[in-house]
Amino acid sequence: MPELPEVETIAKSLSASLPGLVIEKVEVLNSQVIAAPGSGEFCRLVAGRKILGLSRRGKYLLMSLSGDLVLAVHLRMTGRLIHTGPGEPLARHTHLIFFLQNGTQLRYADTRRFGRLWLLAPGSLSTHPGIGSLGVEPLSPQFTPAYLAGALAGRRTRLKSLLLDQRVVAGLGNIYADEALHRAGLHPLRPACTLTGEEVEALHAAIREVLREGIAARGTTVRDYTDGRGQAGTFQEKLRVYRRQGQPCPRCGKPIARLVLGGRSSYFCPGCQR
DNA sequence: CGGACAACCTGGTTGC
DNA sequence: TGCAACCAGGTTGTCC
């Protein structure tokens, strides 16, 4: 579900209300979502900690806690973190409830139960199998056309597959990869190593542009996604190709096509993505 | 290396 | 109405 702009929006919305609050206790309704440590240890270690701040790395939400701990959350497809008042009815598929000092609650709900939480020491972020192998942040100064050119060089794989590889660029998912390729005028099946310098520049610019616009629109809500206050995003209104099969391309008018790559849909315009 | 596919899950939509 | 098939924002592992 959530890609970089959605996780960024959740982190920002929770940053407005959570920092400074102490977690009094954790109620585990489904321990499956806690990846590490075991749920007993997890609850024991989290209880009594103060929430210091929220940040994001790739599609991971990071919550720093007092006593040098980090709670890392990956929402996968349908995970949601919502800060609620005590009286709100419990959403279906709520798996964890963090009871906070002021009576409010932070709830983790996840219909498909793919999402996971890890409680980590800050130093062990780099050895975490997912977080430690993440590539560059696409909105950071380190993500340059030269970096992208280096990542594409010698790679026979298709552009779309490469953009979804979190070890290359952290945070792109199916929606924003398709939207970036369309804006850059590049076909999803194009072998990565065949791009010209000009095309690499266009792709670099398109990735940054579409992510910035996604953040400005507070993310894309196709179905389940909401921010930390339960509010939907609006970028779904601005999508040019994703899930628009058969509808006219906003640039050239040709019908948007769909292809399947590695079991996942890719939407593109056969007219302007050669 | 790269690609296809299954697995992990529930639920919404579509088509017969 | 019923039911099966297919689809979904992600990641990981296996097999070829």
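Just so we're clear, the structure is a prediction, and the values are computed from it rather than from any experiment.
On the P atoms, B:dA4 is 16 Å away from C:dC7, given to the nearest whole Å. The separation of B:dC5 from C:dC6, taken at their P atoms, amounts to 13 Å, rounded to a whole angstrom. Taking the P atom of each, C:dT11 and B:dG11 are spaced 22 Å apart, rounded to whole Å. Between the P atoms of C:dA5 and B:dA7, the separation comes to 16 Å (whole Å). B:dG3 and C:dG9 have their C1' atoms separated by 22 Å, given to the nearest Å.
For A:Phe143, the ring pair (Phe, Tyr, Trp, His ring centres under 6.0 Å) partners are A:His204, not counting sequence neighbours. Applying the ring pair (Phe, Tyr, Trp, His ring centres under 6.0 Å) rule to A:Tyr108 yields no partners; only residues at least two apart in sequence or on another chain are considered. For A:Glu8, the side-chain contact (heavy atoms from CB on, under 4.5 Å) criterion is met by A:Lys12, A:Arg56, A:Ile215, not counting sequence neighbours.
Using modelled atom types, one finds a donor on one side chain and an acceptor on the other under 3.5 Å when comparing A:Thr220 with A:Tyr176.
Listed nucleotides B:dG2, C:dG10, C:dT11 differ in distance to A:Gln166; the shortest reach to its side chain belongs to C:dT11.
Counting only residues at least two apart or in different chains, salt bridge (charged side-chain N to carboxylate O under 4.0 Å, His left out) contacts with residues 184-203 of chain A comprise A:Arg190-A:Glu199.
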* To do: Indicate for each nucleotide in nucleotides 6-16 of chain B, in 5' to 3' sequence, whether protein heavy atoms under 4.0 Å reach the base (B), only the sugar-phosphate (S), or nothing (-).
  => --BBBSS----
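Consecutive Watson-Crick or G-U pairs involving DNA chain C, each under 3.5 Å on both distances, make up stems of three or more pairs at B:2-8 with C:10-16, B:10-16 with C:2-8.
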